[in-house]
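Quick note: residue numbers are just sequence positions, from 1. In this text the structure is predicted, and so the values were computed from the model without any measurement. Just so it is clear, the values below take in all heavy atoms, side chains as well, and ignore hydrogens, waters and symmetry mates.
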Amino acid sequence: MEINVTSINQAFGKDEQTNQIIVALTGNSNDGSGDYLSSSVNVTGKDLPAGTSFDDVLDSEIETLARKKLADYAAGSMQIRVSSINRNYDPQTNEIANAVVSLMGNATDGSNDYINYHTTITKADLPSDKTFATMSAGALKDLAKAKLVAVTKVA
């Protein structure tokens, strides 16, 4: 999944100084699975390199900072919870063909940062010694979280 910036919203105060930058990042799978990511990340002054201000940074640098913050959130700095697991059965075999897991997270610092991630777990994603019949909801949640970390990882 390729994650793209869809907007950078820079708000200014009365003193014409940046007081907030909100970066929207989204991604959709290209493999027909329906996987997607939607997120909003605030880049703040404390995210900037020492000695710089928002007047000094380029959009590409803001994007880099937002992607790093998104990756940090996915890796554990934001509490990510499972909102649903939908196990889809193959009508031919009456066995689970895949599980669609939805994850969400909201920052608790008042920034309104969030992650909404929807991923399809297939047999290929399962450990070699497991089947869907032997996977608990917790194990499916862990797989989905690992996929979120992988898709948001900054190179």
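- Considering every non-hydrogen atom in both G34 and S29, the closest pair reads N-OG, 3.5 Å.
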query: What's the verdict on side-chain contact (heavy atoms from CB on, under 4.5 Å) for Y36 and N116, showing C-alpha distance, side-chain angles and the deciding distance?
result: CA-CA 8 Å; Y36 68 86; N116 183 11; 4.1 Å; yes
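- Considering only heavy atoms from C-beta on, D72 comes within 4.5 Å of K68 through its side chain.
- Note: the hydrophobic cluster containing M135 also contains I96 (ILVMFWY, side chain heavy atoms under 4.5 Å, direct or indirect links).
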message: Quick one, Q79 with T108, criterion side-chain contact (heavy atoms from CB on, under 4.5 Å). Give me CA distance, side-chain angles, the key distance, then yes/no.
response: CA-CA 9 Å; Q79 183 179 0; T108 58; 6.0 Å; no
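- The shortest side-chain heavy-atom distance between L37 and L70 falls under the 4.5 Å cut-off.
- Side chain of R67 to main chain of L25: no donor-acceptor pair is present (N/O by atom type, distance under 3.5 Å, no hydrogens or angles).
- For the atom pair NZ (K141) and CG (L103), the distance works out to 9.0 Å, reported to the nearest 0.5 Å.
- In terms of hydrophobic clustering, with Ile, Leu, Val, Met, Phe, Trp and Tyr side chains grouped at heavy-atom distances under 4.5 Å, V149 and V41 are assigned to different clusters.
- Residues I80 and I85 are members of one and the same hydrophobic cluster, defined by side-chain heavy-atom contacts under 4.5 angstrom among Ile, Leu, Val, Met, Phe, Trp and Tyr.
- In this structure, CD1 on I115 lies 13.0 Å from CZ on R81, to the nearest 0.5 angstrom.
- Heavy-atom contacts from other residues, nucleotides or ligands closer than 6.0 Å to CG of N30 number 12 or fewer.
- Every residue two or more places apart in sequence or in another chain that forms a side-chain hydrogen bond (donor to acceptor under 3.5 Å, both in side chains) with S111 is listed here: D109, D113.
- In this structure, F12 is not a member of the same hydrophobic cluster as I8, with clusters built from ILVMFWY side-chain heavy atoms closer than 4.5 Å.
- Looking at L58 and E61, their side chains come closer than 4.5 Å, going by heavy atoms from C-beta outward.
- Between V23 and I62 there is a side-chain heavy-atom pair separated by less than 4.5 Å.
- A distance of 10.5 Å separates CE in M78 from CE in M104, rounded to the nearest 0.5 Å.
- Annotation: the span from Q10 atom CD to D59 atom CG amounts to 7.5 Å, rounded to 0.5 Å.
- Y114 places a side-chain heavy atom less than 4.5 Å from the side chain of S38.
- A distance of 11.5 Å separates CD1 in I21 from OG in S7, rounded to the nearest 0.5 Å.
- In this structure, S83 contributes its side chain and S102 its backbone to a donor-acceptor pair below 3.5 Å.
- Follow the hydrophobic side-chain contacts under 4.5 Å out from L48 and you reach V5 in the same cluster.
- Taking the side chain as every heavy atom from C-beta outward, K147 and D35 approach each other to under 4.5 Å.
- Residues T152 and Y117 have side chains not in contact (no heavy-atom distance under 4.5 Å, counting atoms from C-beta outward).
- Each of T44, N42, N9, V43 was compared with Q20 under the side-chain contact (heavy atoms from CB on, under 4.5 Å) criterion, and only N42 meets it.
- Here the CG atom belonging to L143 is positioned 12.5 Å from the CG atom belonging to L148, to the nearest 0.5 angstrom.
- Of all non-hydrogen atoms in A144 and I121, the two that sit nearest each other are N-CD1, 4.0 Å.
- Within the 4.5 Å cutoff, the side chain of R87 has no heavy atoms near those of the F132 side chain.
- Heavy atoms of other residues, nucleotides or ligands lying less than 6.0 angstrom from CG of D142 number more than 12.
- Of the options V100, T120, N98, a side-chain contact (heavy atoms from CB on, under 4.5 Å) to S33 is made by T120 and by none of the others.
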